[in-house]
Amino acid sequence: MNELELIDKIKKLLPQNESVIAGIGEDCAVIDFKNSDYWLLFKTDAIVEGIHFTSGTEPEKVGHKAIVRCLSDIAAMGGKPTSALITIGLPKDFSPEYVEGIYNGMSKVANRYSVVIVGGETTTNPERILISVAMLGIVEKDKCVFRSGTKPGDAIFVTGELGGSIEGKHLEFEPRIKEAQWLVNNFKPSAMIDLSDGLASDLRHITIEQGLGAELLASAIPISDSAKRRSRSNSSSKPALTAALTDGEDFELLFTINPKVAVDLLDKWKKTFPDLKLSCIGKVMDVVGFKIRTKNGIFDVTEYGYIHFA
Ligand SMILES: [Mg+2]
């Protein structure tokens with residue numbers, strides 16, 4: 001059974017009521033807490049030694065990563081993070097200095113985004129460190145962006161550069177909180193998501209799962225230098241474009257928007273965020289599935305890359 005099938009099974013067992021605006025299947029749960037202007041955002045995420053970081057990783061970076069993964073999801077809803085609880089599972093022979101380093105990393109980034117850490121839980125976990133973060137945020141009701149608002153013909157945009165995050169970005173990225181805030185206040189996307197599993201995979205949630213598709217333009221996809229370097233230095237690694245389509249942990253924003261505002265958006269983005277690329281990479285189609293236009297023709301895109309369209 002894969003992760004999605006498991007989630008589907010569990011979903012049926014969970015209690016729900018009318019306070020749930022959005023639950024499983026969004027970047028964050030959206031809860032009506034009887035406030036006239038805001039909804040509550042609620043998110044949890046865990047990282048595990050040996051999977052999301054190695055034993056040799058600097059502890060400050062581990063702490064940073066644990067927090068920013070949740071912040072990235074709050075950003076994807078158009079929200080502002082407020083407070084967090086931390087659960088840490090430690091092996092019996094843990095190093096107190098290493099754990100202190102983790103909390104230093106967490107505090108530093110939490111401070112930067114005005115997030116308070118208000119408690120949590122410590123427990124033992126055999127062999128590996130495990131950190132679980134539960135994060136609260138708020139979102140103005142009319143600024144909240146879901147995965148489901150995409151329309152055929154919408155332009156598809158992505159921030160930053162994609163692929164090769166494993167070279168270091170996955171431990172050091174900054175969540176796109178202020179960029180998402182600016183977007184929802186100036187050019188509200190029809191749908192938005194943060195890239196955690198890879199472009200070709202996460203794009204499904206805002207298109208295919210809504211009964212839509214997408215046509216991408218290969219030359220418009222922003223490929224990171226690390227993805228290019230990796231594809232050059234190791235002949236067995238993926239081509240750079242495939243890496244940009246399929247590598248996980250980019251933590252950039254992927255969104256769709258009315259194409260009429262695309263030029264104005266690009267112009268104002270450049271003036272507001274001169275150091276962060278914004279790329280229009282394609283458009284939403286009313287046929288389910290992904291295609292990519294390259295100089296060699298049109299290909300089908302899968303979550304593993306692209307295959308020749310026969
Ligand atoms: Mg997400």
Side-chain angles (χ1 to χ4, degrees), residues 2-4 6-8 10-11 20-31 39-48 51-53 64-82 84 109-110 113 115 131-139 143-150 156-163 165-166 169-181 183-184 188-210 214 244-257 276 281 303:
N2 69 30
E3 190 187 358
L4 292 179
L6 177 65
I7 291 171
D8 224 43
I10 295 172
K11 207 168 148 177
V20 183
I21 305 299
I24 293 172
E26 274 296 343
D27 287 286
C28 302
V30 183
I31 309 290
W39 284 321
L40 202 62
L41 298 176
F42 200 9
K43 176 69 195 180
T44 184
D45 191 90
I47 60 172
V48 180
I51 296 174
H52 302 93
F53 63 95
H64 176 97
K65 180 170 184 174
I67 295 287
V68 288
R69 283 166 63 98
C70 279
L71 296 183
S72 185
D73 283 307
I74 300 267
M77 304 297 301
K80 291 178 193 153
T82 60
V109 67
Y113 290 94
V115 172
I131 306 164
S132 170
V133 177
M135 180 82 63
L136 283 179
I138 52 168
V139 62
K143 302 284 163 61
C144 188
V145 186
F146 298 94
R147 291 179 174 181
S148 55
T150 316
I156 303 169
F157 281 89
V158 70
T159 63
E161 294 176 334
L162 308 181
S165 173
I166 190 75
K169 185 185 176 187
H170 75 110
L171 291 168
E172 296 173 328
F173 69 94
E174 284 299 320
R176 304 305 186 197
I177 298 271
K178 63 177 187 298
E179 293 83 0
Q181 282 294 301
L183 273 176
V184 297
K188 193 183 168 198
S190 51
M192 186 152 65
I193 187 171
D194 68 315
L195 291 177
S196 50
D197 298 339
L199 173 61
S201 180
D202 291 322
L203 182 59
R204 297 178 64 85
H205 300 303
I206 57 172
T207 56
I208 290 177
E209 284 175 12
Q210 315 302 327
L245 285 167
T246 62
D247 281 358
E249 305 209 306
D250 282 319
F251 297 106
E252 296 294 345
L253 294 172
L254 175 70
F255 62 92
T256 56
I257 197 162
L276 184 66
I281 59 169
E303 58 200 295

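Read the numbers this way: they start at 1 and go in the same order the structure lists the ligands and their atoms.
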Electrostatic pair K169-E161, nearest N-O below 4.0 angstrom: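 The answer is no: the pair does not qualify as a salt bridge.
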Would you call R147 and D27 a salt bridge, taking side-chain N to carboxylate O under 4.0 Å as the test? yes
Could you tell me if E252 and T159 have a donor-acceptor pair between their side chains, going purely by distance under 3.5 Å? yes
Counting backbone and side-chain atoms alike, is an N, O or S atom of D202 positioned under 2.8 Å from the Mg ion (ligand 1)?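 Not a single backbone or side-chain N, O or S atom of D202 is under 2.8 Å from the Mg ion (ligand 1).
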Apex the Mg ion (ligand 1) - arms OD1 from D194 and OD1 from D73 - angle rounded to 10°: 90°
Shortest-distance N, O or S atom of D27 relative to the Mg ion (ligand 1):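 This turns out to be OD1.
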If you count every heavy atom of other residues, nucleotides or ligands that lies below 6.0 Å from K178 atom NZ, does the total exceed 12?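 Not buried by this count: 12 neighbours or fewer within 6.0 Å.
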